[in-house]
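A short write-up of the structure that comes next.
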Amino acid sequence: GAVVSQHPSWVICKSGTSVKIECRSLDFQATTMFWYRQFPKQSLMLMATSNEGSKATYEQGVEKDKFLINHASLTLSTLTVTSAHPEDSSFYICSARPLIAYEQYFGPGTRLTVT
Amino acid sequence: AQTVTQSQPEMSVQEAETVTLSCTYDTSESDYYLFWYKQPPSRQMILVIRQEAYKQQNATENRFSVNFQKAAKSFSLKISDSQLGDAAMYFCAIAPRTYKYIFGTGTRLKVLA
């Protein structure tokens, strides 16, 4: 149980275009979903927290107009990287927290390369 | 502010032996959870073990156990009978009431055959 999927697993896009990443909790309802960014050989950096039906809360230094987050249902959150640039290339990981739990379950991640 | 410190960037252990990964943290909260996650080369984050701060008993999950010292704010992970599949990055994390994780910088564990 507690499976989180992420799609796509990898994506290459051209500079200036937008790309959407989906995060789904497959067998539980997620009150809260989180989006992280991970640079090579580093820890996970929290970008934003999203609750179903409300606006996402962004961490300091994260551009909310660039990283659009939508949490439309209790099982789906999306991250859209708008007007992507090479510096946005990274590994993006989502996680989901079940209704009555402290732990987060993580998706397999999405590798984004902007050329 | 809350912080998590993993002072060992890299550790090595011989197959079948025991290794302990250290983690210290700082928080002003009285109610929180602590976690160890494993990130193998696939980069999928896998929950290894969780500890509720209000519980004095140390959590165990098969070959994995923790030594939770609340007063010292220490939360180490012991891996017994190490296996080649245990090789990975291990991250310690604290989750206060906001549910947002604060991660440590990670410890890379190598298992030697």
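Chain A is the first sequence line, chain B the second, and so forth, proteins listed ahead of strands; every chain is numbered from 1. Keep in mind the model is a prediction, meaning the values are calculated, not measured.
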For this session: Kindly assign one of parallel, tilted or perpendicular to the pair B:Tyr101 and A:Phe106, based on the angle between their ring planes and the thresholds 30° and 60°.
Result: tilted

Problem set entry | Result of checking B:Val111, B:Val13, B:Leu109 against B:Ile79 for side-chain contact (heavy atoms from CB on, under 4.5 Å) | B:Leu109

Seminar exercise, completed: Bottom line for A:Gln42: the part with an atom under 4.5 Å from chain B's heavy atoms is backbone

Seminar exercise, completed: Honestly, the part of B:Tyr99 sitting under 4.5 Å from a heavy atom of chain A is both

Exercise. Using the ring of each side chain (for Trp, its six-membered ring), is B:Phe64 parallel, tilted or perpendicular to B:Tyr90, with breaks at 30° and 60°?
Worked result: tilted

For this session: With a 4.5 Å cut-off on heavy-atom pairs, point out which of A:Phe91, A:Tyr102, A:Phe34 contacts chain B the most.
Result: A:Tyr102

Problem set entry | B:Arg50, part contacting chain A, at a heavy-atom distance under 4.5 Å | side chain

Exercise. So which of B:Phe103, B:Tyr32, B:Tyr33 has the largest heavy-atom pair count under 4.5 angstrom toward chain A?
Worked result: B:Tyr33

For this session: Anything under 30° is parallel, anything over 60° is perpendicular, the rest tilted; go ahead and classify A:Phe67 against A:Tyr92.
Result: tilted

Exercise. With a 4.5 angstrom heavy-atom cut-off, which part of B:Glu52 approaches chain A: side chain, backbone, both or neither?
Worked result: neither

Exercise. Non-hydrogen atoms of chain B under 4.5 Å away: do they reach the side chain of A:Thr49, the backbone, both or neither?
Worked result: side chain

For this session: Verify the distance criterion only: is there a donor paired with an acceptor across the side chains of A:Ser77 and A:His71 at less than 3.5 Å?
Result: no

Exercise. Side chain, backbone, both or neither: which part of A:Ala101 has an atom under 4.5 Å from a heavy atom of chain B?
Worked result: backbone

For this session: Would you mind telling me which of A:Gln104, A:Arg97, A:Lys41, A:Gln38 has the largest number of heavy-atom pairs within less than 4.5 Å of chain B?
Result: A:Gln104

Problem set entry | Pair B:Lys100 + A:Glu59: basic N to acidic O under 4.0 Å | yes

